[in-house]
Amino acid sequence: MTPQSQFMVLASIAAGRMDDLRHLLASMNREVGVVDPQNRLVPFGQFERLHFARFVIIDDKTSVDVAAYGLPIVQYPVYLAFLGDLDGSPDALLAELVQKAGDGLRRIFAHCDGFSSDTDILGWMKSHNVAAAAFYANWLGRTVRQVREEDTLRQALESFVEQHRDSLAGMQAREKHAALKKFVAAEQRAGRITLTPPEPTPLGWKIRNFLHLVGVPLVLLVLSPLLLLYLPVFIYQLRSREKTDPVIAPRIEPSHAHELAELEDHETTNQFSAFGSLKPELFRRELLTFLLWIIDYAARHVFNRGRLTRVTTIHFARWVFVDNKRRMLFASNYDGSLESYMDDFINKVGFGLNIAFSNGLGYPQTNWLFMDGAKDEQKFKYMLRRHQLPTQVWYHATPGLTAMNMQRNALIRQGLENMYMTDGEVREWLQLL
Amino acid sequence: MAATAVDSGIQRTASAVDYSDVQGLVRFGYGKLTESCFLLLNIRDAAAARSWLATAPVTNAVQLDQASPTALQIAFTHEGLQSLQVPDEVLAGFSAEFLTGMAGEESRSRRLGDVGANAPEYWQWGGSGRVPHIVLMLYAQPGKLEGWTLAIQEANWNAAFEVVTCLLTSNLDGIEPFGFADGISQPALDWERQRKPAKNELAYGNLAALGEFLMGYPNEYSKYTDRPLLAPDAPGSTALPPAEDVANQRDLGRNGTYVVFRQLQQDVRGFWRFLDAQTNSDPQARQSMGEDMVGRKMDGEPLVELSDDPIAGIDPGTTPHNQFTYNSDADGLSCPFGAHVRRANPRNADLPPGSSGLLSKALHTFGFGNKQYRDDIIASTRFHRVLRRGREYGPGLSPEQAIQTNVSDPGEHGIYFICLNANISRQFEFVQNAWIMSTKFDAMTEESDPLLGNRQPVAGCPFTDTFSVPQVEGLRTRITGLPQFVTVKGGAYFFLPSLSALRYLAAVR
């Protein structure tokens, strides 16, 4: 099994280079919102382990919101972020990027501070790689190669069933299953279908994963007496803030809305990049650090089989602290349009949104950390859109396949490789086709 | 009839709905007024238009002992309100979708499926630069429409308006042009303001909070949908009722709503001929395949068994064909997942079926306890309902007539799809985008709505022209190569004002 991982190269953009950079990034797109996978700068399509990638300029217009707390407005740098979601180790992919697209990456990062023509680009990217506080992948171990192979399998089976409708109709379920199995075996021999077996799980990852699996609960267990003692204080701290924290959720400017909308709904999956400040207090920073630690744990060990609680539409998501935890980036790749993404979240996991985002400045009022908040539907949507950044370049390796489609394809394959199936399982498998 | 509304800590007594302030269409479908036409107007002269509006005989929602033989409803596009010189700061209070318009942005057209042959550039009206200002909806008893149409064109009519087009409807007795009973599933509105939506509704219900369909009232989230509110000293605002949720504001939206209006041309011959060819001209198989696509029998009977459990807002005595959910059909064996009515209203509660005990509720809340990979994909349909008020156009054509090849087509057939909702993006657009037009609805791979689908390829998904019917023995029946049966020919978003908002519009400046 090949575990999924991510990278995010983050660097401030050099003074006066912004317009050039925007222009350069736009040249990677075939049209607004649609990348050319073979573009000359970073030909994403050549990287077989890359699920998603994006370049996003982090120019946060909402950093003025701290004024609501009577605090001075900080002039933060404008950043360029380069994000990837991938199979295997990020270091290997970064090296491959430099090898195949070193010149293009140099041209891009030349617009950033601290990058000159003699910079060692791999070292520079690694040193600017920012770890996520929490990372979610839809299905642990599902590689780009697997997604592609299994979709070819599904298509081949569908056309076979189509062409042999009449002869299959006369067969019992098990006979059908056997006939389809035979067909796939023949296609595999002919090289038209490949179903690569999973690679062995890296030992280092296995050990780290196990230590993380037991380590986090252990730490919690050890800390639990302290946490319990702290609980009444925490409740006081939380409740007093929840009642008074300012909510900043005006409707967004039509021009901003238009700029975002132009980039969306070109295929069945979309990108989402949102950025904002945390509520400017140590309490909120520490609380969010703790919550994301828990979320990361849950995503790694519990919600790694197609569902983030009840939500089935997210391929990858991450939360990344920036500027000493004063600010945060949330980036995700999801199925459907933003409206349905937001509605899915509000109605299915409003509590989860509140836990993950209510430490953000301006969030709709929550109660007890997980209640209300996002259920103030319109304010929540305004706030989300207001913090959303236009994603200048976005790449998706397998467009047109939703996470549910991938799951269906994987189940189709499983039914071919399973040695023993009950009559019911055979019928269920046939219903997948 | 006093109920209490709670929002943002403000607690005030909710007043009863003033039916005389609501346009009747929200409450009635005017089924007995079988003749109707929709006049699309542009404003020639704002002052003349305002004085016509001031005396327009607009029908309200008061229930009369003796129903009026005629009715008039009126709604405005953003362009129309601009032409009436409504101040920009007032207009800014309307929703973004209304302000941008149905065809105002390519991304919206992509989401609504208005691409390919459906693209606004081919529309007869409503495309770029051709958005009408006003729709007048005229309804009359048989034989009375012509007189009614002439009667309203009095006073300043000619100075005020230019008639862009007159959309005439036909009465097919509750049957849409493909031949199926239509308009069966409608939400019931909580006019009495008794409904208190729970945070998690554990059963599908058909009774909707008033705020879903009428602005100025709490919606299913127990919140007030945004709409234009005016300061009490704003010119003309004294005509408007006070806002219930915000102190010291006048409510331009209260008792009003949005109208989604789409002209959908139906290829009745193409539809039945395709089915005929698929079924080797077996009339029964042909009809049965059509019924699978629609998700109901031609007479409206649902394909799934009726539910024994009561459904809030559905009276099995008066609407027996509405007394069902898909909980009994998790495999889609009775009604295909992709059937039109299953897409349009999947009838889900907030949590998946079987979430009764504390433990199962908790498990389901965290996404556990599902039996199949496709369980609990769709939920909470109560936030995505629309109130339909459409009418047909063109002559009726039976399936038998439709498949005859030697008869010349007696003209265009279709439906003026009209629906009301207080939040266009969460209601109509969501249903149209995430359910009807989605090629991925309910975990499917490359399908589109069998009736409304535009069959356009999507990136990475070249085929969207299939429809599959799950079969109990395993392999589904898959119909491929579905042609486009329905083409969008026009459309716009309108604001249907209350009577007091209409008075404000007539006096604004």
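Labels below follow one simple rule: chain letters A, B, ... track the order of the sequence lines, proteins then strands, and each chain is numbered from 1. What you see below is based on every heavy atom in this structure, not just the backbone, and it leaves out hydrogens, waters and symmetry mates.
Residue Ile252(A): no heavy atom, backbone or side chain, is found under 4.5 Å from chain B. In this structure, the portion of Phe368(B) lying under 4.5 Å from any heavy atom of chain A is its side chain and not its backbone. Proximity to chain B involves both the backbone and the side chain of Asp265(A), based on heavy atoms less than 4.5 angstrom apart. Contact annotation for Asp350(B): only backbone heavy atoms (N, CA, C, O) come within less than 4.5 Å of a heavy atom of chain A. With a 4.5 Å cut-off on non-hydrogen atoms, Arg110(B) touches chain A through its side chain but not through its backbone. Only the side chain of Ala434(B) comes within less than 4.5 Å of a heavy atom in chain A; its backbone stays farther off. Using a 4.5 Å cut-off between heavy atoms, Met342(A) makes no contact with chain B at all. Of the two parts of His177(A), neither the backbone nor the side chain holds a non-hydrogen atom closer than 4.5 Å to a non-hydrogen atom of chain B. Using a 4.5 Å cut-off between heavy atoms, Phe430(B) contacts chain A through its side chain alone, with no backbone atom that close. Interface remark: Glu264(A) contributes backbone atoms only to the contact with chain B (heavy atom separation under 4.5 Å). With a 4.5 Å cut-off on non-hydrogen atoms, Ile479(B) does not touch chain A at all. Interface residue Ser425(B): backbone and side-chain heavy atoms are both found under 4.5 Å from chain A. Residue contact with chain A, scored on non-hydrogen atoms closer than 4.5 Å, involves the backbone and the side chain of Thr225(B) alike. Within the 4.5 angstrom heavy-atom criterion, only side-chain atoms of Thr480(B), from C-beta onward, approach chain A. If you measure heavy-atom distances from Ser95(B) to chain A, the contacts under 4.5 Å come from the backbone alone. In this structure, the portion of Lys176(A) lying under 4.5 Å from any heavy atom of chain B is its side chain and not its backbone. Of the atoms belonging to Leu99(B), it is side-chain heavy atoms, and not backbone ones, that fall under 4.5 Å from chain A. Pro352(B) touches chain A through backbone and side chain together, each having a heavy atom under 4.5 Å away. Contacts of Leu411(A) with chain B are made by side-chain atoms alone, with heavy-atom separations under 4.5 Å and no backbone atom involved. Neither the backbone nor the side chain of Tyr341(A) comes within less than 4.5 Å of any heavy atom in chain B.
Looking only at side-chain heavy atoms (C-beta outward), Asp442(B) and Ile378(B) come within less than 4.5 Å of each other. Taking the side chain as every heavy atom from C-beta outward, Ser128(B) and Pro120(B) never approach each other to under 4.5 Å. For the pair Arg476(B)/Val161(A), no side-chain contact is recorded, criterion being any heavy-atom separation below 4.5 Å from C-beta on. Proximity of Lys361(B) to Asn200(B): side-chain heavy atoms (C-beta onward) are nowhere separated by under 4.5 Å. Side-chain contact between Arg142(A) and Met406(A): present, with at least one pair of heavy atoms (C-beta onward) separated by less than 4.5 Å.
Note: Tyr258(B) OH to Phe428(B) CZ = 15.0 Å, rounded to the nearest 0.5 Å. Arg108(B) contributes atom CZ, which lies 12.5 Å from atom CD of Glu106(B) (distance to the nearest 0.5 angstrom). Distance check, rounded to the nearest 0.5 Å: CH2 of Trp394(A) to OG1 of Thr269(A) gives 5.5 Å. One finds the CG atom of Asn348(B) at 11.5 Å from the CG atom of Asn347(A) (value rounded to the nearest 0.5 Å). To the nearest 0.5 Å, the span separating CG on Leu112(B) from CD on Glu429(B) amounts to 5.0 Å. Annotation: the span from Phe351(A) atom CZ to Thr365(B) atom OG1 amounts to 6.5 Å, rounded to 0.5 Å.
A donor-acceptor pair is defined here as one N or O able to donate and one able to accept, closer than 3.5 Å; such a pair exists between the side chain of Glu212(B) and the backbone of Glu220(B). A side-chain donor-acceptor contact under 3.5 Å links His256(A) to the backbone of Gln388(A). Using modelled atom types, no side-chain atom of Asp449(B) and backbone atom of Met437(B) make a donor-acceptor pair closer than 3.5 Å.
When Thr268(A), Asp151(A), Val34(A), Thr312(A) are compared by the number of non-hydrogen pairs under 4.5 Å with chain B, Thr268(A) comes out ahead. For chain B, the option among His266(A), Glu267(A), His396(A) with the highest count of heavy-atom pairs below 4.5 Å is His266(A). Of the listed residues Asn219(B), Asn423(B), Thr477(B), Thr439(B), the one with more heavy-atom pairs under 4.5 angstrom with chain A than any other is Asn423(B). Contact count against chain A (heavy-atom pairs under 4.5 Å) is highest for Lys440(B) among Lys440(B), Glu446(B), Glu105(B). Counting heavy-atom pairs closer than 4.5 Å to chain A, the top residue among Ala459(B), Ala443(B), Cys461(B), Pro470(B) is Ala459(B). Of the residues considered (Ala403(A), Ser337(A), Gly352(A), Pro254(A)), Ser337(A) shows the highest number of contacts with chain B, using heavy-atom pairs under 4.5 Å.
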Quiz prompt | side chain to side chain donor-acceptor pair (under 3.5 Å) between Tyr334(A) and Asp344(A), intermediate numbers included | solution = CA-CA 11 Å; Tyr334(A) 65 95; Asp344(A) 223 22; over 6 Å; no
Practice problem: Take Glu97(B) and Tyr493(B) through the side chain to side chain donor-acceptor pair (under 3.5 Å) test and state the conclusion after the steps. | Solution: CA-CA 8 Å; Glu97(B) 329 58 280; Tyr493(B) 293 147; over 6 Å; no
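Aromatic ring pairs are classed by plane angle as parallel below 30°, tilted from 30° to 60° and perpendicular above 60°; the pair Tyr395(A) and Phe44(A) is parallel.
In this structure, Arg374(B) forms a cation-pi arrangement with Phe337(B), its terminal cationic atom sitting closer than 6.0 Å to the ring centre and no more than 45° off the ring axis.
Salt-bridge annotation for Arg478(B) and Glu447(B): absent, with no side-chain N of the basic residue lying under 4.0 Å from a carboxylate O of the acidic one. Under 4.0 Å is where a charged nitrogen must lie from a carboxylate oxygen, and between Arg154(A) and Glu150(A) no such pair does. Asp375(B) and Arg307(A) are not joined by a salt bridge, as no carboxylate oxygen comes within less than 4.0 angstrom of a charged side-chain nitrogen. Under 4.0 Å is where a charged nitrogen must lie from a carboxylate oxygen, and between Arg385(A) and Glu339(A) no such pair does. Look at Lys381(A) and Asp343(A) and you find a salt bridge, because one of the NZ, NE, NH1 or NH2 atoms lies within 4.0 Å of a carboxylate O, short of that distance.
Residues passing the salt bridge (charged side-chain N to carboxylate O under 4.0 Å, His left out) test with Lys199(B) are Asp372(A), sequence neighbours excluded.
Close approach to chain B, defined as a heavy atom under 4.5 Å from one of its heavy atoms, is seen in Glu162(A), Arg165(A), Leu168(A) of residues 162-172 of chain A, taken by number. The interface of residues 424-433 of chain A with chain B, defined by heavy-atom distances below 4.5 Å, comprises Arg427(A), Leu430(A), Gln431(A), Leu432(A), Leu433(A). Proximity to chain A among residues 379-386 of chain B is limited to Ala379(B), Ser380(B), Phe383(B), His384(B), judged by heavy-atom separations below 4.5 angstrom.
For His78(B) and Phe94(B), the ring centers are positioned 6.0 Å apart or more.
When all heavy atoms are compared, the tightest approach of Phe467(B) to Asp292(B) is CZ-O, 3.4 Å.
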